[in-house]
Amino acid sequence: MAIIPQHTTKTIVAMKKSGEKITVLTAYDYLFGKLLDEAGIDIILVGDSLGNVVQGKSTTLSVTLDEIIYHTKLVRRAVKRALVVADMPFLSYQISEEDAIRNCGRVMKETGAEAIKLEGGEAVAETIHRLTSVGIPVMGHLGLTPQSVHQFGGYQLRGKEKREAQQMKRDAKLLEQSGCFAIVLEKIPSSLASAITKSVSIPTIGIGAGKQCDGQVLVTHDMLGLFEEFTPKFVRKYLNLSQDIRSAFQHYRDDVQKGKFPNEKESFS
Ligand code: KIV
């Protein structure tokens, strides 16, 4: 079997040049980190989506720095090949550049993640410049940035109006100039994502942004059919795991109630 080298931010950027699509999924614990890594996923994102799919909250806003650090450590322990990216939670990088360096630096030091992700364009470009100049690799995030859900007034498609689309194109260039190694584009028209992808030399990673992006990301719990409360239109469900898991639990309950579990082979003499 061919030995696949460990990914770095450089190997990820090189994938855009060679035209190889970049695969990204989220993980929040050791087991999923291991399964994703063994499946050959290129980037494992410890997303603040853990607020939704692990903690059951309606937004990501309350996720804390300590929670991201805890979950990233679990994932990092399992991963041998993929690039591990930790998502910076709301208000951990917006207050001041100094605060951002302290918090992102803490994530890098304590978790072993190879990069961090943060949301926003022009407003965070200077901060990204400072972070990358002190050696902290940054993945940007434009479009429907969930930490701004209340500012947007919901989770609607972004960049439909010309002015917002133009600003997003400028933001993408700014993120590139500030030193980002990749940019997530979330829930924007495919034509806008395609234009941004062509205009920058760093990879774009789409989620609800069409197939012209250099890579794709989904929340793992969505694509496995584990999270049933809401499924966005851009999610493809590869399994319906919740149904299977529920039925395994029911099966176990029946077996115990009917005295069918444990049997002799599962007992000691
Ligand atoms: O938090 C997250 O999982 C994300 C991805 C959906 C890009 O930001």
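For ligands, and for the atoms within them, numbers begin at 1 and follow the listed sequence. In what follows, every heavy atom counts, from backbone to side chain, and hydrogens, waters and symmetry copies are set aside. A quick note: this is a predicted structure, and the numbers were derived from the prediction, not measured.
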request  = Check whether any side-chain N or O of S242 sits under 3.5 Å from a backbone N or O of G225 as a donor-acceptor pair, and report yes or no.
outcome  = yes

key: ligand 1 to K117 polar contact by distance, N or O atoms, under 3.5 Å   = yes

request  = Using distance alone, determine whether S49 and ligand 1 share an N or O pair under 3.5 Å.
outcome  = yes

List every atom of ligand 1 that sits less than 4.0 Å from any heavy atom of [X], numbering the atoms from 1 in the order shown and giving each element.
X	result
H141	8 (O)
G47	1 (O), 2 (C), 3 (O)
T26	3 (O)

What part of [X], side chain, backbone, both or neither, has a heavy atom within less than 4.0 angstrom of ligand 1?
X	result
L50	neither
I207	side chain
D87	side chain

inquiry  = Taking atom CD as the centre, does Q156 end up with more than 12 heavy-atom neighbours from other residues, nucleotides or ligands that are less than 6.0 angstrom away?
reply    = yes

ask   = Does M139 belong to the same Ile/Leu/Val/Met/Phe/Trp/Tyr cluster as I22, with side-chain heavy atoms less than 4.5 Å apart forming each link?
value = yes

Hphob cluster co-occupancy, I116 + I202, side-chain heavy atoms under 4.5 angstrom = yes

key: Salt bridge flag under 4.0 Å for residues R130 and E98   = no

remark   = Of all protein heavy atoms, the one nearest atom 5 (C) of ligand 1 is L45 CD2, 3.6 Å

request  = Check whether any side-chain heavy atom of L25 lies under 4.5 Å from a side-chain heavy atom of L45, and answer yes or no.
outcome  = no

task = Run the numbers on E228 and Q243 for side chain to side chain donor-acceptor pair (under 3.5 Å), then give the verdict.
result = CA-CA 10 Å; E228 292 175 311; Q243 278 171 26; 5.2 Å; no

message = When you measure from the heavy atoms of E119 to every atom of ligand 1, does any distance fall below 4.0 Å?
response = no

